[in-house]
Q: 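Have a look at this one before I ask anything.
All ligand and atom numbering here is 1-based and tracks the order in the structure.
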Amino acid sequence: MREYKGIPASPGVVVAPAFVFREDELSVPSYGIDHDDLDAEWARFLRAVEKAKREVEELRDRTFRDAGQVQAAIFEAHLLMLSDPDFFDGLEARLRSTHRNIERVIVELERELVDKLALIEDPLLQARSADVHDVARRILSHLMFHERFNLEDLETSFILLAHDLLPSDMISLKRSKVVAIATEAGGRTSHVAILARAFEIPAVLGLGEVLDGIKAGDALVVDGRAGRLIVDPDKATLSSAAASQRLAHDEAVELSKLIDLPSQTSDGKRILLKANIEVPEEGEAAMAHGADGIGLFRSEFLFFQPGHVPGEEEQYLSYSRVVESMKGKPVTIRTLDIGGDKVLPELGAADEKNPLLGWRAIRFCLAKEDVFLGQLRAILRAAAHGDVRIMFPMIASPSELDRALVLVEMAGEECHKRGQAVPDRIKTGIMVEVPAAAMASDILARKSDFFSIGTNDLIQYTMAVDRGNQRVAYLYEPFHPAVLRLIKTTIDNGKAAGIPVGMCGEMAGDPASVFLLIGLGLEEFSMSSASLLAVKRLIRSVGADEARKAAEVVMGMSSSAEAAAYLADIVQPYCDATTEKRKK
Ligand code: PEP
Ligand code: MG
């Protein structure tokens, strides 16, 4: 038995075999194909090529629009390769002669082609190896991750092990048999972690180098609360895993009794509890957990469905579905927040050296007005069906907000001209997630209908710590005095301007933080649906006045560790199933 310690990212204990996902060539599977199955194998390849072609066509068109013909020519060349009869003949002949799976055939042919090109003393031809590689990878990705290993097809449940996953991977994982995740990279507030919690998939991230010692099929235990990965568990470990599963089940039954009870402190202060969602289906889970609305719809995840970019109409249907499922409760839709770790080349996002400080979120949308206007029209039209608010991510400067508001007006006028119903006025607010916005929140409050504090990024940018990098995770400190001061400044400035201030970062789903934040005057929290009831239990157990006094103490402390220990002492007794009973 071996045990590895990582970052606890999504709670739950799971025992299952390993499925190891490696992005490098070695992970391309190699197996034989029976003579009778060769046609089916070839058809599988052709389907993957069709998908790859559609992707490249979209990329070409967009690049043509945004950058011009010269840049778009790269993708023309890729399309030619994807229809090249010599390439196809070579592959099919090799498939039929070697009887190896098509992924292996592609990798071998690619290697030969690249070797041949390297021998030619023409830099232009040599540069073509990058194109060959790119095209081969694109087809492989459809064959392996989206198709063959499209985890949807697998019959048994397993734990997915990878160096790292992309937020877009998580969307396909959601529909699969993945029962837990363990990765070498990643941090507690990386988008992979957030999605794992949202989809209730136990996860341990940031394990460091473990992949080499684990092979497919090895027995694993993932303990997402403790942040442990165990390989080849012994009997005692298996029985303690079973005990943890029973406890978690009992806890869920206890918490479910709180669904219809009001979210208010023991001294009567009402606290709004909303849900963060990434895909429209989660709206139903939010309602089932008794959410007061959707505080953050991360709309960019609609754009991560494999090989597919939704247009205005499709977005409109998705937003409307959420609005309708919330039955009159408010829905805050955040406009596209791509960039950073959410890479979406299909929209023409650039490959940048420093993406977290680069062309992300509102910066990207203000430069891509056609994409932005399409989304704004879709949101405004969905707003005709219920209470919808628009929230802009990553606002750093008031001028960005001014321009975004102009574009909302323009989108509304376009809808009017088309005869589409949109509300006369829609609430527009911002995420406060960049220190500059927190410091200038008095100015921004004059232009906003609401604030929502995005602590995931606010901590990242305040502490200068990549939220997905396990090596510096120890510095990612929610209770650092600098972070707490920025939060307090934002709350105070929002209140002074008379606008509601909420929080939708991961701190909003952590009971100790919620206690402190109520003490700092916050009255609205948005979190993954799975955290709602545990937070409600805490809120119902404490007094707002008690929280205010504790917040005063914490604001006078000089370290994050001191604050965490102090808050844990107060809050811990209320974080188990016995508290509600004790109060009765
Ligand atoms: C945040 O930054 O706190 C936030 C809620 O947004 P995201 O996690 O999607 O960056
Ligand atoms: Mg953010």
Side-chain angles (χ1 to χ4, degrees), residues 9-10 166-168 170-171 186-199 203 205 273-279 282 286 294-304 332-344 349 355-365 389-396 400 429-438 441 450-469 476-478 480 483-484 486-487 490-491 501-510 513-514 517 522 524-529 531 535:
S10 176
L166 295 171
S168 50
M170 297 298 291
I171 298 295
R188 226 197 98 72
T189 64
S190 63
H191 285 98
V192 170
I194 289 172
L195 288 167
R197 287 194 285 280
F199 300 159
L205 307 186
L273 292 186
K274 295 184 180 173
N276 292 352
I277 63 169
E278 288 71 28
V279 289
E282 285 182 276
I294 302 297
L296 167 65
F297 179 178
R298 292 183 163 98
S299 66
E300 58 277 7
F301 285 96
L302 292 178
F303 291 70
F304 282 120
T332 302
I333 302 177
R334 176 175 76 184
T335 57
L336 257 181
D337 179 11
I338 59 160
D341 64 339
K342 288 176 283 192
V343 197
L344 200 58
L356 288 168
L357 298 182
W359 210 29
R360 188 185 157 188
I362 196 71
R363 305 167 181 189
F364 176 83
C365 285
R389 295 129 196 226
I390 300 179
M391 178 156 73
F392 305 115
M394 278 280 282
I395 293 284
E400 292 172 312
I430 65 165
M431 295 204 55
V432 178
E433 53 183 346
V434 176
S441 49
F450 61 90
F451 281 163
S452 185
I453 305 175
T455 47
N456 305 338
D457 280 311
L458 187 62
I459 300 168
Q460 158 166 270
Y461 294 126
T462 305
M463 300 299 296
V465 162
D466 174 351
R467 62 196 253 195
N469 184 338
Y476 190 91
E477 295 177 352
H480 188 286
V483 174
L484 294 182
L486 288 171
I487 291 174
T490 306
I491 298 173
V501 183
M503 177 176 285
C504 60
E506 293 301 295
M507 255 177 112
D510 167 57
S513 306
V514 170
L517 293 159
L522 214 61
E524 181 176 331
F525 297 81
S526 191
M527 66 206 78
S528 71
S529 295
S531 306
V535 168

Q: Using the rule given for side chain to side chain contact (heavy atoms under 4.5 Å, CB included), can you reason through Glu477 versus Val483, listing the C-alpha separation, both sets of side-chain angles and the distance that settles it, and then say yes or no?
A: CA-CA 8 Å; Glu477 295 177 352; Val483 174; over 6 Å; no

Q: Quick one, Thr189 and Gln460 - any side-chain contact, counting heavy atoms below 4.5 Å?
A: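 No, too far: nothing below the 4.5 Å cut-off.
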
Q: Quick check against the 3.5 Å criterion: does Ser526 have a side-chain atom that pairs as donor or acceptor with the backbone of Met503?
A: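 Judged by distance alone, no pair lies under 3.5 Å.
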
Q: From Ser528 OG over to Ile277 CD1, what is the distance, rounded to the nearest 0.5 angstrom?
A: 12.0 Å

Q: Checking Met431 against Cys504 for the side chain to side chain contact (heavy atoms under 4.5 Å, CB included) test, could you report, in this order, the C-alpha distance in whole Å, the side-chain angles of both residues, the deciding distance, and whether it holds?
A: CA-CA 9 Å; Met431 295 204 55; Cys504 60; 3.4 Å; yes

Q: Only heavy atoms of Ile194, strictly under 4.0 Å: list the atoms of ligand 1 that pass.
A: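 Those qualifying, in numeric order: 8 (O).
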
Q: List ligand 1 atoms under 4.0 Å from Cys504, heavy atoms only on the residue side.
A: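 Near Cys504, the atoms of ligand 1 are 5 (C).
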
Q: Quick one, Asp510 with Arg188, criterion salt bridge (Lys or Arg N to Asp or Glu O under 4.0 Å). Give me CA distance, side-chain angles, the key distance, then yes/no.
A: CA-CA 12 Å; Asp510 167 57; Arg188 226 197 98 72; over 6 Å; no

Q: Taking only heavy atoms of Arg298 into account, list the atoms of ligand 1 that are under 4.0 Å away from them.
A: 4 (C), 5 (C), 6 (O), 7 (P), 8 (O), 9 (O)

Q: Show all protein N/O/S atoms under 2.8 Å from the Mg ion (ligand 2), or state that there are none.
A: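 N, O, S partners closer than 2.8 Å: Glu433 OE1, Asp457 OD2.
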
Q: Run Arg389 and Phe450 through side chain to side chain contact (heavy atoms under 4.5 Å, CB included) and show every step you take.
A: CA-CA 9 Å; Arg389 295 129 196 226; Phe450 61 90; 3.7 Å; yes

Q: Classify the contact between Arg360 and ligand 1 as side chain, backbone, both or neither, using a heavy-atom distance cut-off of under 4.0 Å.
A: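 For Arg360, the contact with ligand 1 is made by the side chain alone.
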
Q: Tell me, with the steps shown, if Arg298 and Asp337 meet salt bridge (Lys or Arg N to Asp or Glu O under 4.0 Å).
A: CA-CA 8 Å; Arg298 292 183 163 98; Asp337 179 11; over 6 Å; no

Q: Show which atoms of ligand 1 fall inside a sub-4.0 Å distance from at least one heavy-atom site of Glu433.
A: 1 (C), 2 (O), 6 (O)

Q: Taking all heavy atoms of Arg360 and all of Asp457, pick out the closest pair and write down the distance.
A: NH2-OD2, 2.8 Å

Q: Please work out whether the ring planes of His191 and Phe301 are parallel, tilted or perpendicular, with thresholds of 30° and 60°.
A: tilted

Q: At under 4.0 Å between heavy atoms, is it the side chain or the backbone of Asn456 that contacts ligand 1, or both, or neither?
A: both

Q: Side chain, backbone, both or neither: which applies to Leu458 and ligand 1 if a contact is any heavy-atom pair less than 4.0 Å apart?
A: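 It is neither; nothing of Leu458 touches ligand 1.
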
Q: Do the side chain of Tyr461 and the main chain of Leu356 share a donor and acceptor less than 3.5 angstrom apart?
A: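 Yes, Tyr461 side chain to Leu356 backbone: donor-acceptor pair under 3.5 Å.
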
Q: Judged by non-hydrogen atoms, does Arg467 sit under 4.0 Å from ligand 1?
A: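 Distance cut 4.0 Å: Arg467 passes for ligand 1.
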
Q: Provide the number and element of each atom of ligand 1 under 4.0 Å from a heavy atom of Asp457.
A: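 So the atoms of ligand 1 that pass are 1 (C), 2 (O), 3 (O), 10 (O).
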
Q: Taking only heavy atoms of Leu296 into account, list the atoms of ligand 1 that are under 4.0 Å away from them.
A: 5 (C)

Q: Can you tell which of Met503, Gln460, His191 gets a heavy atom nearest to atom 7 (P) of ligand 1?
A: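 When every heavy atom of Met503, Gln460, His191 is considered, His191 comes closest to atom 7 (P) of ligand 1.
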
Q: Applying a heavy-atom cut-off of 4.0 Å, say which part of Ile453 lies close to ligand 1: side chain, backbone, both or neither.
A: neither

Q: To the nearest 0.1 Å, how far is atom 6 (O) of ligand 1 from its closest protein heavy atom, and which atom is that?
A: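 Of every protein heavy atom, Arg334 NH1, 2.9 Å lies nearest to atom 6 (O) of ligand 1.
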
Q: Which atoms form the tightest heavy-atom contact between Ala508 and Val535, and what is the distance?
A: O-CG2, 4.1 Å

